[in-house]
Amino acid sequence: MDRKLLVERSAKGKQSLNLPLCDVPIHAIEDYIPKNYLRSGKNGLPEVSEPEVVRHYVNLSTLNHHVDKDFYPLGSCTMKYNPKINEYFAGHPAITEIHPLQQEETIQSALKIYYDVDLYLCAITGMSRFTLQPAAGAHGELCGIMIMRQYHKRKNNHKTTILIPDSAHGTNPASVILGGYKSVTVASTADGLVDIDDLKTKLNDGVAGFMLTNPNTLGIFEKNVLEIADLIHSVDGLMYMDGANMNALFGLIKTSEMKFDITHLNLHKTFSTPHGGGGPGAGPIGVVKKLVPYLPVPRVEKQDEHYTLSRDYPESIGTMMGFWGNYNVIVKTWVYIRMLGEAGFKDVSKHAIINANYIKASLEDIYELPYKLTPMHECVFSGDRQKQHGVRTLDIAKRLLDYGVHAPTIYFPLIVHGALMIEPTETENKESLDHFIDIMRAIHRESIEQPELLTSAPQNTPVKRLDEVKANCELNIRW
Ligand SMILES: *Cc1c(COP(=O)(O)O)cnc(C)c1O
């Protein structure tokens, strides 16, 4: 591939578009814009032809792995295929050409989409009301913790800590601390579930709540969730559901049935917004009835087929984000939910579960599986057997890139030594799962016969093995 930048391809006179000659009077720009705001020289934009621009960007898009290119089993991240019809609607001028400061009467349909998504998410989770403002999962967690604080403040409860299992996503303890609480870790059992005895020793009147990921980051359904909820509720604590990975549950069980008080969803994982490049995302928070007064403002309300933005909630925690959050993500969610319907959601969850279990069953004879319970949407192996041949989990991940698929999440969750956390998602068919399984088996054979293929991988990618410490310390994004 020719790696020239567009500015390096530029030559005077090359052009992409022929504009017609101007047939209206020409005025000097200085007549409209004060001179001190004007550029003194040329703008320096490259002069290139249209095919050069197209080839440049198409080639760039093939340098990185992405979900439209091939399998992307990045555990906990739910890198599933995102239907293109979502983009069609999110990019429609009726959506993109409205302004968030427009008057309510002129954006009734936009408010309706917002209101509908709130209703749909309530139907899916059993919560009473959602806020769609938070811009990501972690932002939603912070919002949920702030709602918890407000609840305890109103009740004059003196709470200081939030309990979190040791398998939790790193954002959980970070959000707890940002929200002004102390995070206390609860151990897992040998099965990978919350250790109830350990939980009891840490339970006291100072506990504000419990943050639980279900299915947890081992992919296992927390079957004692009702007992955990009763314990937490016995000290007037609140149950917080990290529902970033709801594609194992939706259509099958509601979070309210598991006695959660607060539910967070990741629209950019579960509800099919592309992610991985840093956004935009959305991490809505749903709550049970007693917490509704504390949700952020403004809220979209509906009266006689008329939608309004209301700020009239004196007990609200305030505004989490300007302009009601990342609206285009909410539009994609609306389309996704309408396309699937209730039966479709059940199918999604069942396929996510079948796919993860198919991978588990097809690889557990050669890759160590430390936690044996039936997984839901992802399964977590360890690279320990391959390590005996001098090959690390990182080397397995790098070798996968040579075969043209993305690596799984590695070294997380922390309670699995050398973790390989594989989430196939529901959008892959049997052929692509079999292809991945064949590759994983080939890599296992290589780890015994030719370990250097792994330790020197990747060789087939545009950039070979990186010195990741140097890359982080001396960031250089030019090539
Ligand atoms: C992705 C994820 C989060 C955080 O979501 P972001 O949108 O990345 O902030 C939290 N918990 C779990 C279990 C996740 O998988």
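Counting starts at 1 for both ligands and their atoms, following the listed order. The basis for the numbers below is simple: all heavy atoms, side chains too, and nothing from hydrogens, waters or symmetry mates.
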Quiz item: Between Ser167 and Asn216, does any side-chain donor sit less than 3.5 Å from a side-chain acceptor?
Solution: no

Self-check item: From the candidates Asp242, Thr409, Thr78, Thr270, the one that places a heavy atom nearest atom 13 (C) of ligand 1
Solution: Asp242

Quiz item: Relative to atom 14 (C) of ligand 1, which among Glu423, Lys269, Met211, His139 owns the nearest non-hydrogen atom?
Solution: Lys269

Quiz item: Thr255 and side-chain hydrogen bond (donor to acceptor under 3.5 Å, both in side chains): which partner among Thr263, Thr125, Asp261?
Solution: Thr263

Quiz prompt | Per-atom contacts, ligand 1 versus Thr213 - under 4.0 Å to a heavy atom | solution = 13 (C)

Exercise. State the atoms of ligand 1, each with its element, that fall below the 4.0 Å cut-off from a heavy-atom position in Asn245.
Key: 13 (C), 15 (O)

Quiz item: Are Tyr403 and His435 close enough that their ring centres sit under 6.0 Å apart?
Solution: no

Quiz prompt | Qualifying residue, where the test is side-chain hydrogen bond (donor to acceptor under 3.5 Å, both in side chains) with Thr78 and the options are Glu423, Glu378, Lys269 | solution = Glu423

Self-check item: Within-cut-off N or O pair, His268 and ligand 1, under 3.5 Å
Solution: yes

Quiz item: With a 4.0 Å heavy-atom cut-off (strictly under), which part of Asn266 contacts ligand 1: side chain, backbone, both or neither?
Solution: side chain

Quiz item: Is there a protein heavy atom at a distance of less than 4.0 Å from atom 8 (O) of ligand 1?
Solution: no

Practice problem: Indicate, as side chain, backbone, both or neither, the part of Thr217 found under 4.0 angstrom from ligand 1 when only non-hydrogen atoms are considered. | Solution: neither

Practice problem: Flag yes if more than 12 heavy atoms outside Phe323 fall under 6.0 Å of its CZ atom; otherwise flag no. | Solution: yes

Exercise. Compute the ring centroids of Phe271 and Phe250, then answer whether they are less than 6.0 Å apart.
Key: yes

Self-check item: ligand 1 to Gly137 polar contact by distance, N or O atoms, under 3.5 Å
Solution: yes

Self-check item: Contacting atoms of ligand 1, where contact means under 4.0 angstrom from a heavy atom of Ala244
Solution: 2 (C), 11 (N), 12 (C), 13 (C), 14 (C), 15 (O)

Self-check item: Sub-4.0 Å atoms of ligand 1 with respect to non-hydrogen atoms of Ala136
Solution: 7 (O), 9 (O)

Quiz item: Is there a salt bridge (charged side-chain N to carboxylate O under 4.0 Å, His left out) between Lys398 and Glu468 once you walk through the steps?
Solution: CA-CA 12 Å; Lys398 294 291 184 196; Glu468 285 169 4; 2.8 Å; yes

Quiz item: What do we get for Ser76 next to ligand 1 when only non-hydrogen atoms under 4.0 Å count, side chain, backbone, both or neither?
Solution: both

Quiz item: Side chains of Asn247 and His377: do they bring a donor and an acceptor to under 3.5 Å?
Solution: no

